[in-house]
Structures are given as C-alpha cells and as structure tokens.
Participant: 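Please see the structure below; I have some questions.
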Amino acid sequence: MLTTEMLADMCCPACPDQELRAEIQKQDGNQILEGTLRCQATGETFPVHSGIPSLFPTGVLTDPAWRTWEDHLAGFQARREWRVKNPNQVLTRWGEKSKPHNKFAQFTGIDEGKVLDVGCGPGKLRAHFGDRVVYYGLDPIVLPEVDDFPFVQALSEYIPFKSQTFSHLVVSAALDHFKDLEAFFREALRVLTPNGQLHLVQSVHELRSPLAAAKMLGHWLKDTLEDRRTKTKNPAAPKHVTEFTTSSLHAAMTKDFVIAALDQYSFRWYSPTKLLVTLMPRQAGMP
C-alpha cells in the first residue's frame with residue numbers, strides 16, 4: 001500500500017534519486033489509492049492502482065532475458081498460489097515449517113530503524129519487528145496481504161528509493177529468484193546508510209556428502225511434485241534463477257560487502273541448509 005509518508009523516500013527506478021511527483025486521483029487518509037507517479041527528470045510515469053504503485057522501468061521487461069525471468073516468476077507464483085489454496089497438503093506444511101522467519105528476525109538483531117524487505121511476498125517477516133522499526137516491502141508479485149503495509153511493486157535490480165534511505169535491507173529466501181545479482185547488490189549498496197546492514201537467509205545445495213546429496217534430492221523432489229500440480233505457460237522456465245552452493249553465495253555477496261555475522265538453519269536433517277548472513281558495505285582499503 002502506497003502511503004504519503006513513503007513518497008519522501010521514493011525516487012524514479014530508472015534514474016535513481018530523481019524525485020517522483022504524485023498526481024493523486026483518489027486518496028483515503030494517508031493512503032494513495034489511485035493516481036500516477038511522475039519522474040521529475042524524464043517525465044516517465046508509473047501507475048498507482050488500488051493503492052499499489054507499479055515501478056517497473058519502461059522497456060526493461062520487454063528484453064528477451066527478462067521475459068524468460070517473467071516466465072520463471074509465473075511458475076513461482078503458480079506454486080505459491082497452490083500452497084495458499086492447499087494449506088493442509090504435506091508439501092505446504094513442510095515448506096511453511098522450514099521457513100525460519102522468527103530465527104531470521106532474531107539473527108538480524110533489528111530493533112529500530114528503517115527496513116526494506118526485498119522480495120517480501122506477504123510480508124510475514126514484519127510481524128517479528130517491534131514498534132521502533134519502519135517497515136517497507138518490495139516485490140514484483142502483488143499479493144492480497146500487501147494492502148496491510150507500505151509496499152511497492154518493483155524489481156530488486158531497480159529499487160525505487162533514494163540513496164541512503166535504509167538502515168537495514170532484508171532478503172528472506174528470495175535471492176535465488178533475482179535475475180541480476182550484481183545489479184541488486186549495487187542497488188543495496190546505494191540505498192543503505194553508510195553503516196547500514198544487509199541481512200540474507202538463503203538455501204544452499206552441496207554434493208559434498210551423502211547427507212548433502214539427500215537434502216539436494218529432497219529439494220528437487222519438492223519442486224517436481226509441486227510442478228505437477230501447477231501448469232504454467234513455460235514449464236521449461238527455471239524454478240530458481242540461481243542455485244547456490246556455499247562458495248557461490250559467498251562469492252556473490254562479498255564483492256561490495258563484507259560478512260559481519262554468519263549462522264545456519266535446517267528444519268529437519270533432510271531439509272536444505274539455509275545460511276543466515278549479515279553483510280556490511282565494504283569500506284575503502286578493506287581486503
């Protein structure tokens with residue numbers, strides 16, 4: 001939901017830090033329900049419908065590589081909708097129990113500040129933060145729950161917020177769905193305050209031992225069984241844009257950031273290991 005308070009922090013996704021002017025057609029208190037957001041520099045416009053601002057840069061999603069990513073996202077959305085409609089299915093209960101929302105929130109140590117949840121989904125993580133935390137959500141998929149908190153429909157590679165806006169960014173099991181990791185980490189570096197922190201929880205898949213192989217097989221089996229229940233326009237689209245190992249995740253994270261804290265979580269012995277990581281911007285002179 002777009003609020004008037006959010007506008008002061010927002011900018012054009014195509015040209016960061018350029019102001020957006022709100023042309024409001026319908027408003028309810030501090031909630032902007034219908035209207036347009038216009039870039040002050042280029043005049044490019046972004047619609048607001050039913051309280052949701054859609055901030056995709058013009059032309060980005062017409063690129064063939066982005067269309068393939070959209071097909072991937074459509075498959076992910078189909079699986080998510082199936083889980084919502086079938087909450088008592090074994091696969092749904094298993095998946096929900098394996099999501100360490102509370103453990104991740106505790107790991108971050110966030111008790112105040114301004115937080116952007118990138119790939120927020122229904123925004124479940126916000127329930128674990130206190131009253132001194134200002135929470136915004138960002139996701140390319142719009143779920144019904146986003147009516148309940150400040151939210152923008154946007155891409156992780158084109159974050160429509162001004163530089164140095166957030167003391168914390170959180171990414172909860174969504175990094176494997178981002179199309180361009182380098183672009184995301186550049187944007188994360190831009191929108192964080194100088195001493196800000198980026199917190200991640202992400203599954204990793206290894207083949208170093210029989211146990212690791214069993215976890216990887218379970219991960220593949222769960223995706224395969226869900227795919228049989230959900231039909232999408234491109235079944236060949238990848239289920240995860242990136243499948244991480246511990247080393248590949250480390251390499252992706254540490255170009256512009258340094259690791260400040262590290263932990264891991266596994267719901268059951270057969271569940272994929274999830275790494276919990278806190279990153280801080282790499283300062284000049286750091287190795």
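Quick caveat: nothing in here was measured; it's all calculated off a predicted structure.
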Participant: Between Thr108 and Gln197, what is the shortest heavy-atom contact and its length?
Facilitator: O-OE1, 4.4 Å
Participant: Is there a continuous path of hydrophobic side-chain contacts, each under 4.5 Å between heavy atoms, that joins Phe149 to Leu33?
Facilitator: no
Participant: Please tell me if the side chains of Val204 and Thr245 come closer than 4.5 Å, counting only heavy atoms from C-beta onward.
Facilitator: no
Participant: Within the supplied structure, the quantity of interest is the number of heavy atoms (other residues, nucleotides, ligands) at a distance under 6.0 Å from Gln31 CD; does it exceed 12?
Facilitator: yes
Participant: Look only at the side chain of Glu157 and the backbone of Lys179, and say whether a donor-acceptor pair between them is shorter than 3.5 Å.
Facilitator: yes
Participant: Before accepting this row, confirm whether a basic side-chain N of the pair Arg21/Glu23 lies closer than 4.0 Å to the acidic partner's carboxylate O.
Facilitator: yes
Participant: Of all residues at least two apart in sequence or in a different chain, which pass the side chain to side chain contact (heavy atoms under 4.5 Å, CB included) check with Ala14?
Facilitator: Cys12, Glu44, Pro57
Participant: Tell me whether Ser167 contacts the main-chain N or O of Lys114 through its side chain, where contact means a donor paired with an acceptor under 3.5 Å.
Facilitator: yes
Participant: Looking at every heavy atom in both Asn195 and Met280, which two are closest together, and how far apart are they?
Facilitator: O-CE, 3.8 Å
Participant: Would the distance check show the side chain of Asn30 and the main-chain N or O of Thr3 forming a donor-acceptor pair, the cut-off being under 3.5 Å?
Facilitator: no
Participant: Taking all heavy atoms of Gly119 and all of Asp139, pick out the closest pair and write down the distance.
Facilitator: C-OD2, 3.2 Å
Participant: Checking side chain to side chain contact (heavy atoms under 4.5 Å, CB included) for the pair Leu200/Leu275: CA distance, chi angles, key distance, verdict?
Facilitator: CA-CA 8 Å; Leu200 308 170; Leu275 293 187; over 6 Å; no
Participant: Would you indicate whether Asp111, at its atom CG, is surrounded by more than 12 heavy atoms from other residues, nucleotides or ligands within a distance under 6.0 Å?
Facilitator: yes
Participant: Name every donor-acceptor pair, under 3.5 Å, that has one atom in a side chain of residues 252-261 and the other anywhere in the protein, sequence neighbours excluded.
Facilitator:
| residue | atom | partner | partner atom | Å |
| --- | --- | --- | --- | --- |
| Thr254 | OG1 | His250 | O | 2.7 |

Participant: What closest approach, in Å, do Leu55 and Ala154 show between heavy atoms, and which atom pair accounts for it?
Facilitator: O-CB, 4.1 Å
Participant: What closest approach, in Å, do Leu138 and Pro160 show between heavy atoms, and which atom pair accounts for it?
Facilitator: CD1-CD, 3.7 Å
Participant: Of the non-hydrogen atoms in Glu34 and Ser50, which two are nearest, and what is the gap between them?
Facilitator: OE2-N, 2.8 Å
Participant: Please tell me whether Val118 and Met1 are part of a single hydrophobic cluster in this structure, the criterion being side-chain heavy atoms less than 4.5 Å apart.
Facilitator: no
Participant: So Phe161 and Tyr136, would you call those rings parallel, tilted or perpendicular, with 30° and 60° as cut-offs?
Facilitator: parallel
Participant: Measuring from Phe107:CZ to His199:NE2, what's the distance to the nearest 0.5 Å?
Facilitator: 8.0 Å
Participant: If we ignore hydrogens and angles and just use 3.5 Å, is the side chain of Lys162 paired with the main-chain N or O of Glu19 as donor and acceptor?
Facilitator: no
Participant: Which is it for Arg190 and Ser163 under the side chain to side chain contact (heavy atoms under 4.5 Å, CB included) test, yes or no, and what are the steps along the way?
Facilitator: CA-CA 5 Å; Arg190 180 182 66 82; Ser163 297; 3.1 Å; yes
Participant: Say whether, by atom type as modelled, one donor and one acceptor occur between the side chain of Gln153 and the main chain of Pro140 under 3.5 angstrom.
Facilitator: yes
